[in-house]
Every structure is written in C-alpha cells, then in structure tokens.
Amino acid sequence: MRTDGSLRRRCAAVTFRPPAQHRRADSRVRSRKGARVPMIAISVVLSSLTIAAMPQRADSVAYDIRFPNAAHHEAEITVRWSGLPDRPIETRMSRSSPGRYALHEFARNVYAVSAVDGRGRPLEITRPDPHSWLVHGHDGTVRLTYTLYADRADGTYTGIDRTHGHLNMPATFMWAPVAAERPIRITFHPPAGSEWRIATQLAPTASPTTFTAPHLQYFMDSPTEVSNFAERRWTVPSGNRQDTVRIAMHHVGTDAEFDAYVEMAKKVVAEQIAVYGNPAPYDHGLYTFLADYLPWASGDGMEHRNSTILASTASLAENALGLLGTLSHEFFHSWNVERIRPRNLEPFDFSRENMSDVLWFAEGFTSYYDDLTIRRGGISDDTQYAQGLTGTINTVLNAPGRAFFTAAEMSMQAPFVDAAVANDPNNRTNTFISYYTWGAGIGLGLDLTLRSRFPNVTLDDFMRAMWVKHGVTERPYTIEDLRLVLGEVTGDQAFADDFFARYIQGHEAVDYEALLGHAGILVRKAAPDRATLGQAFFQVRDNRLIVTSATLIDTPLYDAGVDRGDQIITLDGEPIASAEQLNRIVQRHKPGDTLPIQFYSRGETRNATLTLVEDPAVEILLYETAGETLTPKMQTFRRSWLESKAR
Ligand SMILES: [Zn+2]
C-alpha cells in the first residue's frame, strides 16, 4: 500500500491528506479488528475536513472482470463509480507498477472502451492524452467497460489464457483520480465450468469471488491469481499470535515436487524471521506467495505488502533451487522495502517513473540476504555459498561502471534499466552496475566489516535496528537515516560516516580479500598470468567475426578503438574467422605482449596495436579447499555468520 501525492494533487474533490503512517496504521488495525474500523476512521476525516467539496457518500468503486475470450488473451472489465461530482470524469491506465521503476504504458493494450450513466444512457468519451479517457455528461454514475489484451504473466504485466487470469492490477484496471481514496470492491468471474479460484492479498468477503481494498493504493499493490492453483499453508509464530504463510502455485509439476519445495521455503522463511525477530505484521495475519511456474509465464519476482509474484518458465523439477532464490528475495522484502520503506518511493506514483537513491539497500541488501538465508537454512553449504559470491565480487571489483556513478547514484538509474524498453543503444556495459549486485556486495562488505571490527555487532543488528526505527513505525527513511542508524548500532558515527562516504556515496570497493579471510574464504586471481583482450561478445556472420557488444573501458580492444559492429580481420598477422581462433592467439601470449590488429569499422579498414593485459577475474574458495589452514578463530567467525539463527 502506498499513498500517492500526485494522485491527490490532481484530485480536486479529495483535499484531505492522511499521512502515510496514518493510512498504514489503518490497514494494521483492519487486520486485527475487521474491515469496518478504518473505513469509519477515514470517513470521519473526510467529513470533518472536506464536507463541502465531497459528494455525499464515498461510494465504493466496483470492478468486475470476466474472461469470455481467454483463449485469445482478452478480459472484459467493468468499473462503476457513483456519487461523482458534476463534471467530466477522468479515468486512466497506470504508467508504472508498485516495485517497478520504469515507465510501462499499460494503456497500450486497452480497447473497446465505452461508458453509460446510471440510467444506461451512452456517454461521450474523449482522449486528453494516451493514457486517459475523459467521460462527459454523466448523472453522477459512470459504468465504464473495456477490453484488455494481456499475454505476459509476470510481476509487471497481466497474462490471460485458458489456464488462468494472472493479474497485475496496474496493468489491468482503469482508475479515476477523483475516486482514488474510495474503498474498492472487486468481483472476479471465473469462466463457466472452470475450477478457477482466487488468490490475493485483498480482503475476503462472504462471497469467495468478491474482495475489497480500502483505497486505490492498496488495490494496485494486490496482484491476483485466478486459476486452478495448488495451495499449501503453514503457520509462523508472531509474538503471541500465529500468522499464516501460504503458497498458491499454478504449475505443471507434481504434488511431491511442490511439497519438497514448501519444506525448503519454510526453512528460508524461518531464517528471515530470525533476522528481524518477528514476521512483518501481515494484514489479516496472512502472507501469500503467488507462484506461476509455467512454460508460458515470464521470469520475474515482484514484492507487495502481504504477497509476492513469483513467475518463471522453469518448473520445480528443472530449477527448484533457483526458484527458491527468488522466493527468498521477495519474502525478505516484506520487511525491507514494503515496511522499511524509502521516503522517495512513498507514496508510489502510478503516473510516472519512481526514483530512489537507496535501491543499493532496498534491493541490494535484500539480494545479500536471499542467498545468505538459504545457506543458514541448510539448503546450500559453505562451498556453494562461497562460489555464489563469485559473480558479485567480480562485478563490484572489475566492472568499469563503479567509476561513473556511486551506489546511491546507480540506484537512480532504475527508471532506465528496471525492465525498461528502449530502441537506442546505450553505454551501460561501461557505465552501469546493477544496484542489486553492487548493493549485495556492499551488504556483504558491511556485514563482514561489522563482524570483524565490532564485538557482537552484525548486519542482522543493523537490519533489526532499521526495522524497529523505520519498519514497525512505518516511518519512511532517507539515506541519511541509514547512515545514522549505522552509527547508532556500532556506537561509532565516524565509522558510519566513513563507510558511507567511501562505499555508498563514493566509488570505492571494500577489501573483500581481507574481510573474507576472517571467515577462512580465499579471494584470488582465477587465472594469474592469463592474457586477455578484454570481455566482449562476438558473432560469426558470413565467415566474418563481428563484435556484437560494447567493448570495456581500459581493456586492449577498447584502447585499440574496436567497438560494437566492427569486424576483426587479423590479429598478430593471422586472418580471423572465429572467436576460438582469436582466443588461441591471445592464449599463446603473456600479459604485456603487444600484437597488431586489423579491423573493419564504419567503412574503413584500420590498423592498431594491442597491449594484452592480465585477466582480472577472481575466484572465491574455502581455505580448506585451497589447501590453506582454517584456524579455529576463522571457523568460529564463519559459523556465527553462516549457521542457522532459527534453530
Ligand atoms: Zn527485490
């Protein structure tokens, strides 16, 4: 649930401004005492502050969705607003979705839009912009109908076919800014004869097909799976009550595979609860994983307040461990990002891109913990965990992007990279490192720094302190809050300031070799003395070897002027027709050797001289595997870091 300031600005009738905490508190109250409590609270605020501007009743917005042409990926959707002010009503499709930072024009797949008033008279519709519909001449009631085409089941989009309606709300439902604060009631109409049921974090009603949301922000944050899914539930202790975790899984695997997966999920969930001390306070005491593991889904994971979408083309039989990694990541978000909430993502704005400077923490630290809690749950071992760090550490140490942006600035690139679509080429190979990867590397570096430098302080303590200060209270945080809480947890603000200046608002990387050494984990050159031209991708076209990727700054190919689209004609005097040939020539040389290269670029044949460099890649392995001595002190350090906290 996120409140949307820009919605409110456009929403002339709704002039009250309940703060985010107030509205979040409502949903918590509702989860304990039933749906009527916050509705009363909100309507009290409305009537006392805006009675002159508001219609008499804040009528529910009513949605109905039907699937008469599921085979061809269509849904028929009806929205009914009543008690509307006497002026044209603007309705719109969203341009972004909770947890997604780039623009997605969901209006693209909407057609056959029509509207009638309360007496069934057809109404005129005009189009002020590509994502809005203006409905004229109504009598206070508008009943709008449209067709949605949707064939992408993932965390951003909607997928409709004979097997399901996999609904991401912003990709599916039109809304009216004037009614953004009103309660919502939605009825899903499964096709006749189907065994489709409904899984969602929306509030249930007496009817199994009708659900409610307190307002638009909550509704948009509540993806829904309508299908004949399988379901498993278990309980987790939460203070003096029991919360329920369920997995609703639409998949092609067996019950036995599902059960084995649930056993692994239970372990990860328990380890994450142990990090924070308690489950997050799920509304209605229920957390829902909505998993679509189907060849016709698209790979994704997307967190929401009390649920998450897990989508993959892989089956449990093919890749249960990989799928568990996404489950682990998204569940950690039920604390970090859903409730420990960045100030600059709050409220979420459905009309534009959403930008934040703390995704290295919100996404990156979550990525650090997704693998760590799988290790702590005993699902992976020390060797696998150490190997799993290889990609992260190589990227953080060797990718040139670190020189261009700090981790905080890299987070603000999200609107351009987060499932964003663009036609023009970019230089991101050189200028970008994923804030997931870099942030996971910072999380690892900070955890090991805390463990080796401060007695009895770990990253778990930092996460718990953020939870207590900004999660339980749902007081959104800024990057400054993160720095100050690190100072409080360590009792050393100078340390926290220095860490942020170097590694988060600066361009440095921690000393992984020294830090991992405390745990008896070795970081060393994977191929010392092996020469390289630098990383690039090639393709053979008509016996010609073409460079198909940008070349990397500070590598021999880049310095020689070779770029994407160029053809390598000769290296070291030999004609080149394949990448293997190129590699063979490089491998018979040493770093520092110089070789002539001839290449064809933009209509010209060019000659240059390359100086080979040493391959910078590192490998990560346990001391005991590398034949080094693992001391008892290292063993203790490693155990306290990687062993279960839940048992
Ligand atoms: Zn994430």
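Bear in mind the structure is a predicted one, so any value in this text is a computation, not a measurement. All ligand and atom numbering here is 1-based and tracks the order in the structure.
- The aromatic rings of F289 and F331 sit tilted, their planes meeting at an angle between 30° and 60°.
- If you check the side chains of S644 and E271, you find a donor sitting under 3.5 Å from an acceptor.
- Y218 and N306 share a donor-acceptor pair across their side chains, judged by distance under 3.5 Å alone.
- Distances shorter than 2.8 Å separate the Zn ion (ligand 1) from the protein N/O/S atoms H329 NE2, H333 NE2, E363 OE1.
- Under the side chain to side chain contact (heavy atoms under 4.5 Å, CB included) criterion, T395 pairs with A399, I433, T437, not counting sequence neighbours.
- For the pair R402 (side chain) and V396 (backbone), a donor-acceptor distance under 3.5 Å is present.
- Donor-acceptor pairing under 3.5 Å is lacking for the side chains of H329 and E303.
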